[in-house]
Participant: 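Here it is, the structure in full.
All values below were derived from every heavy atom in this structure, side-chain atoms included, with hydrogens, water molecules and symmetry-related copies excluded.
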Amino acid sequence: MDVPWIETAARHWRHGRIVGRRFADRRPGIRAALRAAAPDSVLLAGNSHAEFVGTPDLGGRACINIAVGGSTAADCGRHLAELRVPARCAAAVLIIGTNDLQRWRHPERARVVDRFEADVRRILCSLEAWSAQVFVAAVPPVGIGATGRDPAAVAVFSDRLARLCAEGGHTFFDPFAAWRAGTGGLAGPGLHRDGVHLADYAPLAAALSRAVAGMVPPAGRPLRPDVPCPGPRPTPVATAPAATAPLRVLRAAWVGRP
């Protein structure tokens with residue numbers, strides 16, 4: 001039996017309040033860290049899995065953790081829209097989806113999955129503008145005791161993430177592969193402390209390092225104006241136009257931006 005709409009609305013409100021407070025607590029530190037962003041930095045965005053992994057060693061590159069625990073894809077997109085990255089970083093890593101799997105959000109419904117995809121597109125627009133290469137993790141498995149989340153939706157949401165990466169030229173990877181129980185969305189025993197959060201985030205940090213540390217970001221990769229961004233565009237990294245570019249060409253490019 002479906003939960004009454006008023007209860008669902010109340011859950012959305014409570015969740016928004018909790019995540020909003022967490023972002024407010026994290027925002028000063030995030031903004032301070034971003035002021036030190038450099039071309040060899042790596043951004044780590046997403047939900048509590050990304051936040052709790054901290055700042056792992058990614059091949060000597062500085063890791064800037066801008067994740068906010070509790071975030072859905074929609075929350076993450078809103079948070080990123082409030083930030084500014086002063087330098088184009090080497091890479092960005094996104095871990096998202098766990099909070100979109102809550103059963104009261106009805107992740108089994110096609111329109112909910114479509115909304116998740118649209119929200120992730122918004123996130124990717126920000127990360128594309130801020131980094132030369134984007135890595136997107138598969139949705140983590142959930143524990144067998146995590147009855148509040150739908151394990152059947154893990155593969156569905158991960159497939160959407162993989163498709164978005166294929167379309168955008170990003171890297172889709174699964175740092176949780178070794179901890180999955182078969183092909184479903186459940187984890188093997190001992191992974192979680194509460195069915196959702198990992199008992200130890202050090203192995204995840206190592207998996208991220210293996211995936212990211214060996215990559216060589218393309219130098220000077222341009223922004224992707226061919227990919228439309230829903231909603232407000234992220235604050236772009238300030239770059240000086242080439243001195244030889246005709247003014248009319250630059251003006252036409254600016255006016256024609258989506």
Participant: Is any side-chain heavy atom of R35 closer than 4.5 Å to one of R31?
Facilitator: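 Yes, their side chains come closer than 4.5 Å.
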Participant: Measure across R180 and D174 and return the closest heavy-atom pair with its distance rounded to 0.1 Å.
Facilitator: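 Scanning both residues completely, I find the closest heavy atoms to be NE-OD2, 2.9 Å.
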Participant: Looking at CG of L43 and SG of C89, how far apart are the two atoms once the value is rounded to the nearest 0.5 Å?
Facilitator: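 Here the rounded value is 4.0 Å.
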Participant: Sequence neighbours excluded and cut-off under 3.5 Å, please list the side-chain donor-acceptor pairs for residues 15-24, or say none.
Facilitator:
{"from": "H15", "atom 1": "NE2", "to": "G70", "atom 2": "O", "distance (Å)": "3.2"}
{"from": "H15", "atom 1": "NE2", "to": "D75", "atom 2": "OD2", "distance (Å)": "2.9"}
{"from": "H15", "atom 1": "NE2", "to": "R105", "atom 2": "NH2", "distance (Å)": "3.4"}
{"from": "R22", "atom 1": "NE", "to": "E51", "atom 2": "OE2", "distance (Å)": "3.1"}
{"from": "R22", "atom 1": "NH2", "to": "E51", "atom 2": "OE2", "distance (Å)": "2.0"}

Participant: For a quick test of reading the model, state the closest non-hydrogen atom pair linking Y201 to S48 and the distance between them.
Facilitator: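 Nearest heavy atoms, Y201 then S48: OH-O, 4.4 Å.
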Participant: Of the non-hydrogen atoms in V93 and F173, which two are nearest, and what is the gap between them?
Facilitator: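 Taking V93 first and F173 second, the nearest heavy atoms are CG1-CZ, 4.1 Å.
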Participant: How about W104 and H12: do any of their side-chain heavy atoms sit closer than 4.5 Å?
Facilitator: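 W104 vs H12: side chains touch.
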Participant: Output yes when a side-chain donor or acceptor of R88 lies under 3.5 Å from a complementary backbone atom of A129, and no otherwise.
Facilitator: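 Checked: pair present.
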Participant: Which distance, rounded to the nearest 0.5 Å, do you find between the CG of L127 and the CD1 of I66?
Facilitator: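 That separation rounds to 6.5 Å.
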Participant: Ignoring hydrogens, what is the shortest heavy-atom contact between A199 and G190? Give both atom names and the distance.
Facilitator: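 Nearest heavy atoms, A199 then G190: CB-O, 4.2 Å.
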Participant: Can you measure from CG (L161) to CG (L124) and round to the nearest 0.5 angstrom?
Facilitator: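 Going from CG on L161 over to CG on L124, the span is 8.5 Å.
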Participant: Would you say the side-chain atoms of N65 pair up with the backbone N or O of A50, donor to acceptor, closer than 3.5 Å?
Facilitator: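 Here the side-chain-to-backbone pair exists.
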Participant: Is the closest side-chain heavy-atom distance between L204 and P175 below 4.5 Å?
Facilitator: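 Touching, per the 4.5 Å side-chain cut-off.
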Participant: If hydrophobic clusters are built by linking Ile, Leu, Val, Met, Phe, Trp and Tyr wherever their side-chain heavy atoms come under 4.5 Å apart, do L198 and V196 end up in the same one?
Facilitator: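 No: no chain of side-chain contacts under 4.5 Å links L198 to V196.
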Participant: To the nearest 0.5 Å, tell me how far T72 OG1 sits from L101 CG.
Facilitator: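 The distance works out to 11.0 Å.
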Participant: I'd like to know whether L80 forms a side-chain contact (heavy atoms from CB on, under 4.5 Å) with W130, so could you lay out the CA-CA distance, the side-chain angles of the two residues, the decisive distance to 0.1 Å, and finally the verdict.
Facilitator: CA-CA 11 Å; L80 297 184; W130 296 341; 3.9 Å; yes
Participant: Looking at side-chain heavy atoms only, is the closest gap between H79 and I30 below 4.5 Å?
Facilitator: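 H79 vs I30: side chains apart.
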Participant: Which atom names give the shortest non-hydrogen contact between A205 and P56, and what distance separates them?
Facilitator: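 That closest heavy-atom pairing would be CB-CB, 3.7 Å.
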Participant: Does any non-hydrogen side-chain atom of V120 lie less than 4.5 Å from one of F116?
Facilitator: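 Touching, per the 4.5 Å side-chain cut-off.
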Participant: Do the non-hydrogen side-chain atoms of R109 and R115 ever get within less than 4.5 Å of each other?
Facilitator: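 R109 does not reach R115 side chain to side chain.
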Participant: Once rounded to the nearest 0.5 Å, what's the spacing between atom CD1 of I95 and atom OG of S71?
Facilitator: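 Result: 12.5 Å between the selected atoms.
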Participant: Which value, rounded to the nearest 0.5 Å, describes the distance between I96 atom CD1 and F157 atom CZ?
Facilitator: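 CZ of F157 is found 11.5 Å from CD1 of I96.
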Participant: So, does D119 use its side chain to make a donor-acceptor pair with the main chain of G77 at under 3.5 Å?
Facilitator: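 No; judged by distance alone, with no hydrogens or angles, the pair does not exist.
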Participant: Mind checking what makes salt bridge (charged side-chain N to carboxylate O under 4.0 Å, His left out) contact with R160, not counting sequence neighbours?
Facilitator: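 Partners of R160 under the salt bridge (charged side-chain N to carboxylate O under 4.0 Å, His left out) test: D114, E117.
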Participant: List the atom of H170, the atom of V134, and the distance in Å for their closest heavy-atom pair.
Facilitator: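 So the minimum-distance heavy-atom pair works out to CB-O, 3.4 Å.
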Participant: Do L34 and R84 come within less than 4.5 Å of each other through their side chains, counting heavy atoms only?
Facilitator: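 The answer is no; the side chains never approach within 4.5 Å.
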Participant: What donor-acceptor contacts under 3.5 angstrom involve side-chain atoms of residues 137-151, with partners at least two apart or in another chain?
Facilitator:
{"from": "R149", "atom 1": "NE", "to": "T98", "atom 2": "O", "distance (Å)": "3.1"}
{"from": "R149", "atom 1": "NH2", "to": "N99", "atom 2": "OD1", "distance (Å)": "2.9"}
{"from": "D150", "atom 1": "OD1", "to": "A152", "atom 2": "N", "distance (Å)": "3.0"}

Participant: Give a yes or no answer on whether the side chain of S209 reaches the backbone of D57 with a donor-acceptor pair at less than 3.5 Å.
Facilitator: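 The answer is yes, because a donor-acceptor pair under 3.5 Å joins these two groups.
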Participant: Heavy atoms, side chains only, cut-off 4.5 Å: are F135 and L44 in contact?
Facilitator: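 A side-chain contact is absent here, since even the closest heavy-atom pair is not under 4.5 Å.
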